[in-house]
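Naming convention: chains lettered A, B, ... in sequence-line order (proteins, then strands); numbering from 1 in each chain.
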Amino acid sequence: MEYNHKNIEQRWQNYWRENKVYKTCNGVNKPKYYVLDMFPYPSGAGLHVGHPLGYIASDIYSRYKRLCGFNVLHPMGYDAYGLPAEQYAIQTGQHPEKTTMENVARYRNQLDKIGFSYDWDREIKTCDPEYYKWTQWAFVKMFGSYYDTEADKAMPIDNLVKHFETNGSAGIHAAQGKDLVFTADQWLAMTDKEKSDTLMNYRLAYLGNTMVNWCAELGTVLANDEVSEGVSVRGGYPVVQKLMCQWCLRVSAYAQRLLDGLDRLDWTESLKETQRNWIGRSEGAEIRFKIDGRDDVELEIFTTRADTVFGVTFMVLAPESAYVDQITTPERREAVEAYLEAVKHKTERERMIEKKVTGEFTGSYAVNPLTGKKIPVWVSDYVLAGYGTGAIMAVPAHDSRDYAFARRFDLPVVPLIEGCDVSEECFDAKSGRMINSCSELLDLNGMEVKDAIAATKRFIEEKGLGKVKVNYRLRDAIFSRQRYWGEPFPVYYVDGIPHVMDVDKLPLHLPEVDKYLPTETGEPPLGRAKNWVTEDGYPIELCTMPGFAGSSAYYLRYMDPHNNEALVGRDANDYWRNVDLYIGGTEHATGHLMYSRFWNKFLYDLGEVCEDEPYRKLINQGMIQGRTSFVYRIQGTNTFVSHGLKDKYDVTPIRVDINLVSNDTLDMDGFRRWRPDFADAEFVTEDGVYRTGYAVEKMSKSMFNVVNPDDIVERYGADTLRLYEMFLGPLEQSKPWDTNGIDGVNRFIKKLWNLYYKGDICLVDDSEPTPESLKTLHTLIKKVTQDIENFSYNTSVAAFMICVNELTQQKCHSRKVLEQLVVVLAPFAPHVAEELWHSAIGHDTTVNDAQWPKWNENYLVESTVNYAVSFNGKVRFTISVAADMPKDDVEKKALGDPAAQKWMDGKAIKKVIVVPGKIVNVVLG
RNA sequence: GCUCGAAUGGUGGAAUGGUAGACACGAGGGACUUAAAAUCCCUUGGCUUCGCGGCCGUGCGGGUUCGAGUCCCGCUUCGAGCACCA
């Protein structure tokens, strides 16, 4: 029988499903291994050929680990909440759950065709009440916690309340929004509302007035990672800053732990670096500056360059800073307010694009704490309200932004580093010797910058002028979305005071609404829900949670997906612990991967999970880009010129459906049928074929370059798709999808098949394999074992091709060889492997139960090695020795060879270098 | 601007500091065939030579080394991330 991928793949996929071959049990007495894919958002467009790349890689690794004797957890599910389903609901009036479930079904269907070894009994969907119950549960727990900076972990908020009752705010060590000061009596005298507001300053999930990224087109706020260059990542709509009262997660409390944790993770350096940037730790000092003639207000600023205090020639406040109102003098008030108004009407994007230096003098002067000199205080939008204290000391000589400002408004520039020239530009290097830095209080002159920073910090701490401080760029996560299709908050309001629901009452189900749009009064869609109140009639929160809520702890749920008592049971968590291998794209570097680490650390603090990092090893698979094909139409005609001849004409390139192109050759009849406009198209061909041009672009419908995996599976089979996706290139590299090479991989599978089947005759025999065949087999096993561990799958595929070519030449039909070949192939091409395992070899079990061939000293790999022997750098002759000969013996044999005498010619040997397996170098004195 | 990564034939890409270009595609030639498809075989980095062979070659310039695609220093270009973060 000929190789027939349809029969084979259908048969084995059915068998796996019916016999639950990939069902995983908890607590099996085998070492565990947890392989996780980033679960997909089931979009309406379905999977394209880029999506399965990571899934195939993780499936290969999972199957490999199973064969090596591990109990492997390899689950799949759906990140089912999200904006596109809701946008579609708005357009069509269909419930997003309906379209989401349809999309899920399509995804499942597409995934099944590729032959993954998922345990589908563990499937989760984030929009499933049984799942989002635990998302809501975690929120309730965060609401009930604060971050204790001394214990360095989350603690019950009740502890803090007890502390307030006896000591007020004195002596607390809690991560907080603002530095609140109150006594126990003041606390006890507070109204419930005031107490609630005060506690929001400490809770890990809190309601806060914050500057948010507001996207009017999407009608919702967005997190920082959902905004890029002033527009929304999804949709590209403009985003403006707006002060709103929103639920937030105090991610910033975990900044240091999130940073430290990275060192212990087996992630790529670039990804860790991205997270480090996002956390943005900087060590510096907070220094207080007195305002001349005022006792009631001091300016507190943050700087990493404490050494430059002597060079401060002015101060700058962010427009949003509370200081502005306090210190603006009456005569400057009008000008300052006009400036603030002007700034407010600019979006962040406009501010970034313009890059114009603007600002206004407040009329007040600050006093330099080291020199006693009076320096003007300005307000300018180049200072950010959200970072540090929203106020800076300006050192124009050594900061380019301050320099530009000083030049624009003609403020003095005082150089502080020996030999620097600040007449044309600032000197921002952080090294050199200090000058101009001496007063009665402190003398830094002659010190290195590094030492001067330390000396200044010491000085200001001693004198109480400020304190050493670490700042983080990481902001708290804004957790409210004014949308319908997300987890409802388990929060209700009594007289305007938020309360969380009892965890026993969860899940709080998403209510039905008549439309998926905001209400007429501008409230979120949940405002349309009837009876959206608790049993006692209290109104329930109208916002829903953001996309990252459901994906933050999903990996835990797979461990124990049907547990009604806990997100994950203690035993299940102790057994699976955390993810050993996580494969997914880099686009989640500062979103999901950051939130998920935060969320997990919080659960760890609560004692709910046993590991404080969720993902031990992480591999970023590259993006598969589209490869768009072009035809070239001669201007003003319906004649198309082949790519090689296009330069001779005046042509317009036109994108053509990739399905009409094969190996860069156009199906001309298909093209004529494609669109009515092209029905009478004429072609200028090259020897009868029309060659298309190409460009690498994003894979999308509008570029006509989407390749559907279903089509590939239909034509070549899942095994070919799997092998080919791996063969395309290194897993971590982005590359365009190019179907041109797929025939080669398909040919390989056919060759493999034809090695063991001639027509209906099975050629497998019980002959002892020849040493030559064993060498071929063993080389393959060695190579593939190494490659899988290094995720170098493309070279593995090459190794299979070499192996099958050699076995074909050797006419090796030995069952013993085939048996091991099949086991090694099974992770890559499981269907054909099963078929051979079953029909050709005659096993009645599945390959899943086989043993990965362990590396064995009896294996024949490269029995002899040729060494080139060189004298003084020139190769003179070669010797052949056993592969396992020790270096010293190789050296002796090389020097003992008669040919060596000629080159030594009585000279002394200075050194001999033996490179294993390759060259012996003799250096003569 | 800062950080990280990359650069190898016509193409995708191989090479623990040791014969650069594995494997595959494409291209060219050949076999089988009435023909096509399929399959198989040969050639395929450049220059040079009838041929044997020789010379050059991993973005550019230096360096370390008996030996560099690989390590070090300095650039160029491309990609990614962050970005008035004080």
Side-chain angles (χ1 to χ4, degrees), chain A residues 2 228-229 268-282 284 301-306 308 316 318 348 351-352 355 357 380-384 386-395 398-402 404-405 428 471-475 586-587 589-590 620 622-623 627 663-665 691 694 723-724 727-730 732-748 750-751 754 783 786 792 794-803 805 808 866-868 870-875 878 910-924:
Chain A
E2 288 294 301
S228 179
E229 298 186 1
T268 60
E269 207 41 52
S270 78
L271 189 68
K272 288 199 223 178
E273 202 57 32
T274 302
Q275 289 215 340
R276 286 191 193 109
N277 277 341
W278 192 257
I279 295 167
R281 180 192 155 101
S282 58
I301 59 91
F302 176 76
T303 180
T304 54
R305 291 291 303 274
T308 58
V316 190
E348 196 173 347
R351 252 154 80 161
M352 268 164 23
K355 289 208 166 156
V357 180
S380 170
D381 66 358
Y382 84 86
V383 175
L384 302 177
Y387 185 76
T389 60
I392 61 151
M393 61 178 212
V395 186
H398 303 292
D399 182 286
S400 59
R401 296 151 299 175
D402 297 345
F405 196 82
D428 51 12
N471 245 325
Y472 300 92
R473 203 177 65 84
L474 184 68
R475 302 265 72 91
T586 7
E587 66 272 20
T590 55
N620 291 119
M623 284 241 283
R627 191 173 185 279
N663 283 358
D664 289 337
T665 304
R691 301 220 165 271
Y694 76 91
L723 283 167
Y724 186 59
F727 187 65
L728 270 179
E732 304 190 58
Q733 195 170 300
S734 286
K735 55 233 163 191
W737 175 267
D738 180 357
T739 314
N740 287 351
I742 200 166
D743 288 322
V745 171
N746 191 237
R747 229 166 262 158
F748 152 73
K750 287 185 191 158
K751 278 183 198 167
N754 292 334
K783 176 82 180 133
Q786 276 173 4
S792 173
N794 54 334
T795 52
S796 289
V797 178
F800 284 118
M801 291 174 176
I802 295 168
C803 176
N805 280 341
T808 304
N866 290 326
Y867 280 82
S870 87
F871 281 81
N872 280 355
K874 282 243 162 92
V875 174
T878 59
K910 208 162 142 196
K911 60 178 169 178
V912 181
I913 304 151
V914 178
V915 180
K918 292 296 171 186
I919 282 188
V920 180
N921 270 295
V922 182
V923 185
L924 300 173

Distance, rounded to the nearest Å, where [X] contributes [atom1] and [N] contributes [atom2]:
X	N	atom1	atom2	value
A/Leu384	B/A86	CG	C1'	9 Å
A/Lys272	B/C82	NZ	C1'	18 Å
A/Ile279	B/C85	CD1	C1'	14 Å
A/Asp381	B/C84	CG	C1'	9 Å
A/Asn746	B/U39	CG	P	9 Å
A/Leu723	B/C23	CG	C1'	13 Å
A/Arg305	B/A86	CZ	P	11 Å
A/Glu732	B/C4	CD	P	17 Å

How far does the [atom1] atom of [N] sit from the matching atom of [M], given to the nearest Å?
N	M	atom1	value
B/C23	B/C85	C1'	49 Å
B/G57	B/A7	C1'	16 Å
B/G69	B/U19	P	10 Å
B/G1	B/C84	P	15 Å
B/A31	B/A38	C1'	14 Å
B/C52	B/U34	P	37 Å
B/G12	B/U39	C1'	25 Å
B/G17	B/G67	C1'	8 Å

With a non-hydrogen cut-off below 4.0 angstrom, is [X] in contact with a base, only sugar-phosphate, or nothing?
X	value
A/Asn620	nothing
A/Ile392	base
A/Lys783	nothing
A/Ser282	sugar-phosphate

Syn or anti for B/G26, taking syn as within 90° of 0?
-> anti
For [N], take OP1 and OP2 only and decide whether either is under 4.0 Å from a side-chain N or O of [X].
X	N	answer
A/Tyr382	B/A86	no
A/Asn794	B/C23	no
A/Gln733	B/A6	no
A/Arg473	B/A83	yes
A/Asn277	B/A80	no

Per A/Phe727 side chain, nearest of listed nucleotides B/C40, B/A86, B/G12 |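 Ranking B/C40, B/A86, B/G12 by closest atom to the A/Phe727 side chain puts B/G12 first.
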Any idea which of B/C85, B/C23, B/C82 is nearest the A/Ile802 side chain?
->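 Of B/C85, B/C23, B/C82, B/C23 is nearest to the side chain of A/Ile802.
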Do [X] side-chain atoms and [Y] backbone N/O form a donor-acceptor pair below 3.5 Å?
X	Y	answer
A/Gln275	A/Ala589	yes
A/Ser734	A/Gly622	no
A/Asn754	A/Lys750	yes
A/Lys735	A/Pro730	yes
A/Arg473	A/Asn277	yes

For the side chain of A/Arg401 and the base of B/A86, is some donor closer than 3.5 Å to an acceptor across the two?
-> yes
So what's [N] paired with, Watson-Crick or G-U wobble, going by both distances under 3.5 Å?
N	answer
B/U44	B/G26
B/U70	none
B/U34	none
B/C82	B/G1

Should the pair A/Phe302 and A/Tyr387 be assigned to parallel (<30°), tilted (30 to 60°) or perpendicular (>60°) ring geometry?
-> perpendicular
Taking the side chain as C-beta and beyond, is there a heavy-atom pair between [X] and [Y] under 4.5 Å?
X	Y	answer
A/Phe727	A/Thr795	no
A/Val395	A/Arg305	no
A/Leu728	A/Asn794	no

5'-most contact on RNA chain B: A/Ala798 or A/Pro730, nearest heavy atom basis?
->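 Counting from the 5' end, the first nearest nucleotide belongs to A/Pro730.
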Select from A/Thr795 and A/Gly388 the residue whose nearest nucleotide in RNA chain B is closer to the 5' end of that strand.
-> A/Thr795
Near-ring test A/Tyr724/A/Trp737, centroid separation under 6.0 angstrom |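 Yes.
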Using a cut-off of under 3.5 Å, enumerate the N/O to N/O pairs linking the protein to nucleotides 25-28 of chain B.
from  : atom 1 : to       : atom 2 : distance (Å)
B/C25 : OP1    : A/Arg747 : NH1    : 2.4
B/C25 : O2'    : A/Asn740 : O      : 3.3
B/G26 : OP1    : A/Asn663 : ND2    : 3.2

